[in-house]
Protein chains: 2
Amino acid sequence: MAMLTPVSQDSFDRSRCSVAGTLAVVGEKWSLLVLREAFLGVRRFADFQQALGAPKAVLTDRLGTLVAEGVLRREPYQAEGARLRHEYRLTPKGRDLYPTLVALMEWGDRYLADGPPPLALDHRGCGAPVRVALRCDEGHEVAGPRDVHARPGGPAALPG
Amino acid sequence: MAMLTPVSQDSFDRSRCSVAGTLAVVGEKWSLLVLREAFLGVRRFADFQQALGAPKAVLTDRLGTLVAEGVLRREPYQAEGARLRHEYRLTPKGRDLYPTLVALMEWGDRYLADGPPPLALDHRGCGAPVRVALRCDEGHEVAGPRDVHARPGGPAALPG
DNA sequence: ATGCTGGGTTCGCTTGACGAACCTTGCTCG
DNA sequence: CGAGCAAGGTTCGTCAAGCGAACCCAGCAT
């Protein structure tokens, strides 16, 4: 009857939970939207502000937090005939949040759509739509939570 | 030089963005953690409260919102010798947020770890670790945002 | 009747989001 | 030279949201 083995309900240390940890980094309002824009190529403060409509103070704080967390890096850059400015660019750590963003987008496309999805992702070159998938290391397709066993502890409980 | 085609920076209607829409549903504080617990098999108010440590008022509000959005459903249930109570269970719409949660968890495992990941996901039966992956409909592996072309508009811009 | 338990609601306090206004630096234009 | 302007912030007052503690209520057990 239980969809997932409820063993984890008691023995799993929630204070170290990676979901909570990740949300502590990118879970504040605007943070993930800032990253969405970053993935779309936005780099400058004013462009983030215009795209998002977020208050400047909040945007300053979010960008600062994301830089402090190593998700973005703040780089000086030279526009010709203009003074030195900064731009915010994704680090590899930030780029690894891409599947998360795509997963959020895909869910929204499926359930919130009042029309066609506003943004489509195509595989570069091949042109086919890109989707998130769950898969195990043996290559099997994982349909959903019912196919997954959640186990507290390390990545593979090596016996003796 | 641009990592992604910046065409979308102007022509993409952000007010309808699916990332923003999804975050409007599950982006408040505690919402995604409530769902994490739901995926672990938690169903009752008191169990959510104990697992999360969230204020009751906030938890009441989040559960109510998630029910109103159709992510959870509130079901009466019968414990023997006890009065009628309710439990909160994932709907199919809620279950489809699983890849999002796994993506968040995987990122946290990779970048926030001070030790082994607190929770491991294994493919039921096969036992191999479960991961999120990006793939296109042709079956190609998609490594990251550089392999993706973001295009505003419908899922496939049908010509004429 | 008394208390316990699950599932909340109410209340003050503190934190965070918000928009408008202001500031600073270094261009360009007259 | 000085004025104006733009990017990138900071400051301020207001208002919503999160917080923990306390309280409430229905119904079963004693």
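In what follows, chains are A, B, ... by sequence order, proteins preceding strands, each numbered from 1.
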Between the protein and nucleotides 18-21 of chain C, which nitrogen or oxygen pairs come in under 3.5 angstrom?
residue: C/dC18; atom: OP2; partner: A/W30; partner atom: NE1; Å: 2.5

Restricting both atoms to N or O, compile the protein contacts to nucleotides 28-30 of chain D shorter than 3.5 Å, with distance only.
residue: D/dC28; atom: O3'; partner: B/G81; partner atom: O; Å: 3.2

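Partners of B/Y111 under the ring-ring contact (aromatic ring centres under 6.0 Å, His included) rule, at least two apart in sequence or in another chain, are B/W107. Annotation: salt bridge (Lys or Arg N to Asp or Glu O under 4.0 Å) contacts of B/E138 (sequence neighbours excluded): none. Every residue two or more places apart in sequence or in another chain was checked for a side chain to side chain donor-acceptor pair (under 3.5 Å) with B/R85, and none qualifies. Shown here are the side chain to side chain donor-acceptor pair (under 3.5 Å) partners of B/E75, two or more places apart in sequence or in another chain: B/R73. B/H86 pairs by the ring-ring contact (aromatic ring centres under 6.0 Å, His included) definition with nothing, not counting sequence neighbours. For the side chain to side chain contact (heavy atoms under 4.5 Å, CB included) test, no residue two or more places apart in sequence or in another chain qualifies with A/K29. The side chain to side chain donor-acceptor pair (under 3.5 Å) check on B/D61 picks up nothing, with sequence neighbours excluded. Partners of B/R44 under the side chain to side chain donor-acceptor pair (under 3.5 Å) rule, at least two apart in sequence or in another chain, are B/Y77. Legend: residues meeting salt bridge (Lys or Arg N to Asp or Glu O under 4.0 Å) with A/D96, ordered by chain and number and at least two apart, are B/R110.
Going from atom CZ of B/F45 over to atom P of D/dA26 covers 18 Å, rounded to whole Å. What separates CD of B/Q49 from C1' of C/dG7 is a distance of 9 Å, to the nearest Å. Put simply, CG on B/L59 is 13 Å from C1' on D/dC19, counting in whole angstrom units. We find that CD of A/E28 is positioned 11 Å from C1' of C/dT15, with the value rounded to whole Å. Distance NE2 (A/H86) to C1' (D/dA6): 15 Å, rounded to an integer number of Å.
Side-chain proximity of A/R85 to C/dG8, D/dT10, D/dA7: nearest is D/dA7.
Each of A/T91, A/L90, A/V34 was scored for a side chain to side chain contact (heavy atoms under 4.5 Å, CB included) with A/L66, with one residue passing: A/V34.
Proximity of residues 61-77 of chain A to DNA chain D (heavy atom under 4.0 angstrom from any strand atom) is restricted to A/R74.
For D/dG9, one of the phosphate oxygens OP1 or OP2 lies less than 4.0 angstrom from a side-chain nitrogen or oxygen of A/Y88.
When atom types are taken as modelled, the side chain of A/S31 and the backbone of A/G27 share no donor-acceptor pair closer than 3.5 angstrom.
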